[in-house]
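Comments concern the structure below.
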Amino acid sequence: MSIFTKIFGNPNAREVKKTQPIIDQINALEKDWQLLSLEQLKDKTREFKERLGKGEILEDILPEAFATVREVSRRIIGQRHYDVQLIGGIFLHRGNIAEMRTGEGKTLTATTAVYLNALTGKGVHVVTVNDYLAKRDAVWMGQIYNALGLSVGCIQQQHTSFIYEPGYQDAAKVALTSVEEKTDVQAPLVKVEPSHLRPCNRQEAYLSDILYGTNNEFG
């Protein structure tokens, strides 16, 4: 530890500490949100958009939006955001870099910030490092966004694009085994059903509320 840190403290720790009041607000909502039906949780999306249209800003609805995502995630994919993941979501929303260790759930962390910003209707692009992760996350996290009434797209190499659509069945892919991902500590075995991705053109994919892809494809 440097003498500067000893005297003035760790600046990152101070920034994290500033988010605690917001985390407390989110946690205080949890019991009430658990009483809501999935349809009522989905209706929160419409409510949030209306409030934004009346002059509220994203920071105003952040605690409720984060609480909504966490509850839907818990019910739909069986994963509840830890406080550290909520903190990471706040930092991402505010345009900062959130560095997390392997296994701390970066994929789930992003969902809160992605959902919140998608409420503006301007579209959110989630950049991944390869096509596999773009497709995996579009299906895996797409379950959460879909339950909240948002559309999810995915762009791949060779100009292929997809829309996440739970009812879609691609006969050529149904026989494929689900993708197994074992890198997330909260999800030792994640099954991604490839037949839930409906092929579409690039324009339709870009019109999605949330779009997954690699930096090369977005570039």
Side-chain angles (χ1 to χ4, degrees), residues 38-62 64-66 68-70 72-73 76-77 89 92-95 106-174 176 179 190 192-219:
L38 273 176
E39 193 60 34
Q40 288 174 315
L41 289 167
K42 181 179 180 178
D43 197 49
K44 286 288 181 183
T45 298
R46 177 195 57 76
E47 175 192 323
F48 294 146
K49 289 182 177 181
E50 288 181 353
R51 288 166 58 181
L52 290 173
K54 293 178 180 178
E56 290 191 61
I57 62 175
L58 293 179
E59 288 287 337
D60 295 330
I61 63 173
L62 188 154
E64 294 171 75
F66 275 41
T68 301
V69 174
R70 178 162 71 177
V72 170
S73 175
I76 298 297
I77 66 172
L92 288 175
H93 160 63
R94 293 177 176 174
K106 294 182 286 292
T107 302
L108 189 65
T109 294
T111 56
T112 49
V114 170
Y115 172 71
L116 178 65
N117 284 272
L119 295 171
T120 64
K122 298 178 181 179
V124 174
H125 294 169
V126 184
V127 183
T128 63
V129 297
N130 57 51
D131 277 354
Y132 162 74
L133 290 178
K135 184 179 286 188
R136 182 202 71 172
D137 293 352
V139 176
W140 185 16
M141 299 297 111
Q143 298 172 80
I144 299 172
Y145 304 127
N146 180 262
L148 287 166
L150 298 179
S151 57
V152 180
C154 173
I155 57 174
Q156 303 269 282
Q157 294 181 34
Q158 312 303 321
H159 299 288
T160 55
S161 308
F162 303 91
I163 293 292
Y164 174 68
E165 192 173 292
Y168 177 76
Q169 292 291 311
D170 186 336
K173 293 181 179 180
V174 169
L176 295 177
V179 177
V190 176
V192 176
E193 178 50 70
S195 66
H196 290 169
L197 290 175
R198 174 176 59 79
C200 67
N201 59 43
R202 282 287 166 119
Q203 183 178 15
E204 184 179 1
Y206 270 98
L207 288 174
S208 300
D209 295 307
I210 299 160
L211 182 63
Y212 283 87
T214 65
N215 55 349
N216 289 334
E217 292 305 307
F218 282 121

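Every heavy atom of this structure was used, including side-chain atoms; hydrogens, water molecules and symmetry mates were not. Source: prediction; values computed, not measured.
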Short side-chain to backbone donor-acceptor contact, [X] and [Y], under 3.5 Å:
X    : Y    : answer
E165 : H196 : no
T68  : E64  : yes
D43  : E39  : no
T45  : L148 : yes
N146 : Q143 : no

Heavy-atom pair with the smallest gap, counting every atom of [X] and [Y]:
X    : Y    : answer
G142 : V152 : CA-CG2, 4.0 Å
L52  : T120 : CD1-N, 4.4 Å
A118 : I210 : CB-CG1, 4.0 Å
G153 : A138 : O-CB, 4.2 Å
F162 : A205 : O-CB, 4.4 Å
L119 : F48  : CD1-CB, 3.7 Å

Salt bridge (Lys or Arg N to Asp or Glu O under 4.0 Å) assessment of E47 paired with R51: CA-CA 6 Å; E47 175 192 323; R51 288 166 58 181; 3.1 Å; yes
Are [X] and [Y] close enough that some pair of their side-chain heavy atoms sits under 4.5 Å apart?
X    : Y    : answer
M141 : L108 : yes
L197 : Y168 : no
T214 : V129 : no
V72  : V69  : no
N201 : E204 : yes
K135 : Y212 : no

Applying side chain to side chain contact (heavy atoms under 4.5 Å, CB included) to L211 and I155, what does each step give before you reach the verdict? CA-CA 7 Å; L211 182 63; I155 57 174; 4.0 Å; yes
Hey, would you say the Y206 and H125 ring centroids sit under 6.0 Å apart? yes
Full working for side chain to side chain contact (heavy atoms under 4.5 Å, CB included) between S73 and T111: CA-CA 9 Å; S73 175; T111 56; 5.8 Å; no
Can you check side chain to side chain contact (heavy atoms under 4.5 Å, CB included) on R70 and T112, steps first, answer last? CA-CA 8 Å; R70 178 162 71 177; T112 49; 5.9 Å; no
What distance separates [X] [atom1] from [Y] [atom2], expressed to the nearest 0.5 Å?
X    : Y    : atom1 : atom2 : answer
L38  : L41  : CG    : CG    : 6.0 Å
D209 : L150 : CG    : CG    : 4.5 Å
D131 : Q157 : CG    : CD    : 4.5 Å

Just by distance, no angles: are the side chains of R136 and T107 close enough, under 3.5 Å, to form a donor-acceptor pair? yes
Looking just at side-chain N and O atoms, do S151 and Y145 make a donor-acceptor pair shorter than 3.5 Å? no
So among Q203, R202, E217, which one has a side-chain hydrogen bond (donor to acceptor under 3.5 Å, both in side chains) with S161? R202
